[in-house]
Amino acid sequence: MKKALEITLGIVTSVGGFVDAGSFATSLQAGARHGFRLMWAVGLGTLCVIFLTEMSGRLALMSKHPVRELIHKRFGLRYSAALLLGCLILDQLVLASEIGGVAMAAQLVTGVAFRWWALPAALAVWALLWFLTFGVMEKAISIAGLVTLAFVVAAFRAHAAPPSGGLLPAWPEGQSARYGFLAVSIIGATIMPSMLFFYSSGAIEEQWDRGYLWVNRAVAALGMAFGAGIALAIMAASAAILMPKGIRVESYAEASRMLEGSFGGWGLPLFAASLGVASFGAAVEVSLSGAYEIAQTAGWNWGKEKKARDASRFTLSYTAMLALGAVPIALGVDPLKLTVFTMAIACLILPFLTFPFLALMNDRTVLRDQVNSRWANYAVAGIVGLTFLLAIVAIPLQILGGS
Amino acid sequence: MDLIREVLDNQLVDRNQQRLGKIDSIVAEFRPGRPPLLKYIETGWAAKGTRIHRRLGEWMRRRGSRPYRIDWTAIRDVGVDVEVALEAKETPLLRTENRLRRVLTRIPGS
């Protein structure tokens with residue numbers, strides 16, 4: 001019974017972890033610009049993230065050590081330090097994007113410019129981390145994250161359905177670089193490296209053992225699939241509501257009234273609440289993940305279950321990350337553009353984390369009888385490799401302004 | 001024992017399982033005609049710096065940073081963590097952690 005409850009909570013948690021400013025921004029733009037023709041990217045990313053999440057939980061509960069510590073030990077300080085640097089730069093960009101999402105939501109409701117909300121948003125995230133334990137914090141955010149189900153309702157009410165053949169990838173004439181870039185961003189938003197570190201550290205914090213193998217499997221598969229369902233609903237609603245009006249979603253404000261057809265006067269507050277809560281939850285996860293990464297690489301005390309003062313360098317790490325993350329938004333960097341760009345960059349870092357991770361997942365000295373199946377290896381390596389190749393073509397083209 | 005695989009870069013813990021840092025280097029004495037003698041394990045930023053790049057290590061040493069050495073004979077257990085027969089408070093390894101802890105204790109809710 002306790003485990004069934006954990007699965008339910010885990011699924012809800014995954015929704016909180018899955019739907020963030022990244023999936024909001026990319027799904028809104030994808031739906032508005034390409035209809036249903038980028039849904040394959042969500043599907044591909046979700047398949048990969050289900051495998052990766054399950055693996056990181058399995059690795060943690062079998063070895064009793066989080067992914068970061070095992071990568072450091074197996075691949076040595078040099079590789080570990082370089083990977084840490086890359087992941088931390090990405091985490092900072094993602095954190096800035098999430099703080100931007102919260103700030104934008106506050107602007108939509110109050111009319112006060114988003115840059116003024118950057119510091120209060122970062123402070124609110126910090127306060128939550130400071131005062132609440134891991135379990136309480138995770139569950140509170142996740143339950144609040146269910147507000148994003150408003151997009152599922154909106155997609156149904158708008159009778160969003162793909163035309164015949166409308167789900168197939170199609171590289172639009174004259175826009176193939178933008179289409180490819182958005183595909184990369186969607187996959188990047190789906191497979192965030194920080195999620196692996198967060199999930200495996202969480203499994204240790206919650207003291208999962210071998211008896212949790214099937215709980216881990218259920219949470220990873222159902223939770224991520226449920227989260228992907230919401231991302232698809234945002235894309236479908238955007239395709240059905242914004243595309244016919246020619247709205248391309250250059251800013252969050254352009255999309256902010258899309259729920260009014262379903263919810264009337266509640267449309268705008270619901271849109272803002274969905275964006276704000278999802279981004280807030282992700283900001284909590286990313287800042288914690290960054291602190292886990294630093295502390296586990298340096299060998300410091302870590303853990304959200306500990307009192308803040310009992311893991312003081314860990315506490316300082318997430319505090320510093322939040323302070324830094326607020327800076328770009330306070331300086332007025334556009335949250336939506338930053339988010340879409342950051343999610344694409346994530347795909348460039350993924351192989352450097354995923355391939356060492358897969359090597360660990362096939363090591364019988366760590367996982368004993370629970371090493372990866374061959375198909376799981378092929379699926380993850382294939383998707384990450386393909387996305388990396390797409391990213392090294394699409395990102396320079398997008399930066400150079402190609403089409 | 002495979003030193004690189006089983007000891008280097010492992011988590012270092014004291015006899016109370018308190019985390020002290022990582023094992024960043026191993027010091028051995030090379031003796032002509034005899035097997036090398038393991039002397040110390042080292043931890044700290046200076047040891048990390050030297051491993052990342054020799055010049056970074058030299059620069060850190062010039063600024064007064066030194067690795068903390070623990071006698072090889074103090075090692076009690078080698079697993080994923082390496083336990084040494086020391087107490088954290090006997091070493092300077094948690095000085096920063098403890099200083100920061102005193103600051104954080106003043107903030108309500110810590």
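Every chain is numbered from 1 and lettered A, B, ... according to where its sequence line falls, protein lines coming before strand lines.
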### Message
With a 6.0 Å cut-off (strictly less than), is the heavy-atom count around CZ of B:R31, excluding the residue itself, greater than 12?
### Response
yes

### Message
Quiz question: by atom type and distance under 3.5 Å, do the side chains of A:E293 and A:T297 form a donor-acceptor pair?
### Response
no

#### Entry: Distance-only polar pair, side chains of A:S201 and A:Q296, donor-acceptor under 3.5 Å
yes

What residue, out of [options], has the most heavy-atom pairs lying under 4.5 Å from chain A?
{"options": "B:S110, B:G109, B:P108", "value": "B:S110"}
{"options": "B:R51, B:Q18, B:R102", "value": "B:R51"}
{"options": "B:T43, B:D81, B:D24, B:L8", "value": "B:D81"}
{"options": "B:K48, B:H53, B:R101, B:E97", "value": "B:E97"}

### Which atoms of A:H72 approach chain B - backbone, side chain, both or neither, heavy atom under 4.5 Å
both

### Query
Non-hydrogen atoms of chain B under 4.5 Å away: do they reach the side chain of A:T365, the backbone, both or neither?
side chain

Can you name the nearest heavy-atom pair linking [X] to [Y], along with the distance?
{"X": "B:M60", "Y": "B:G49", "result": "SD-CA, 3.6 Å"}
{"X": "A:V67", "Y": "A:S56", "result": "CG2-CB, 3.9 Å"}
{"X": "B:P67", "Y": "B:R61", "result": "CG-NH2, 3.8 Å"}
{"X": "A:N362", "Y": "A:V371", "result": "C-CG1, 3.7 Å"}
{"X": "A:G57", "Y": "A:N216", "result": "CA-OD1, 3.5 Å"}

### Task
Hey, could you give me the CE/CG distance between A:M137 and A:L288, rounded to the nearest 0.5 Å?
5.0 Å

## Note on the structure
From the list B:I23, B:I41, B:L38, side chain to side chain contact (heavy atoms under 4.5 Å, CB included) partner of B:I75 resolves to B:I41

Given a strict heavy-atom distance threshold of 4.5 Å, which part of [X] is in contact with chain A: side chain, backbone, both, or neither?
{"X": "B:L12", "answer": "neither"}
{"X": "B:E6", "answer": "backbone"}
{"X": "B:Q11", "answer": "side chain"}

Looking at [Y] and [X], is any side-chain nitrogen of the basic one under 4.0 Å from a carboxylate oxygen of the acidic one?
{"X": "A:D369", "Y": "A:R210", "result": "yes"}
{"X": "B:R54", "Y": "B:E58", "result": "yes"}
{"X": "B:E83", "Y": "B:R76", "result": "no"}

### Working for side-chain contact (heavy atoms from CB on, under 4.5 Å), residues A:L322 and A:L129
CA-CA 11 Å; A:L322 279 164; A:L129 285 169; 4.0 Å; yes

### Query
Should A:Y292 and A:E205 count as side-chain neighbours, where that means a heavy-atom distance under 4.5 Å?
yes

Anything in [range] with a heavy-atom distance to chain B below 4.5 Å? Please list those residues in order.
{"range": "residues 118-125 of chain A", "result": "none"}
{"range": "residues 77-94 of chain A", "result": "A:L77, A:R78, A:A81"}
{"range": "residues 304-318 of chain A", "result": "A:K307, A:A308, A:R309, A:D310, A:A311, A:S312, A:R313, A:T315, A:L316"}

### salt bridge (Lys or Arg N to Asp or Glu O under 4.0 Å) partners of residues 358-368 of chain A, not counting sequence neighbours, each pair once
A:R74-A:D363, A:D363-B:R5

### Task
Evaluate salt bridge (Lys or Arg N to Asp or Glu O under 4.0 Å) for A:K73 paired with A:E69, printing each intermediate quantity in order.
CA-CA 6 Å; A:K73 178 176 156 39; A:E69 279 190 2; over 6 Å; no

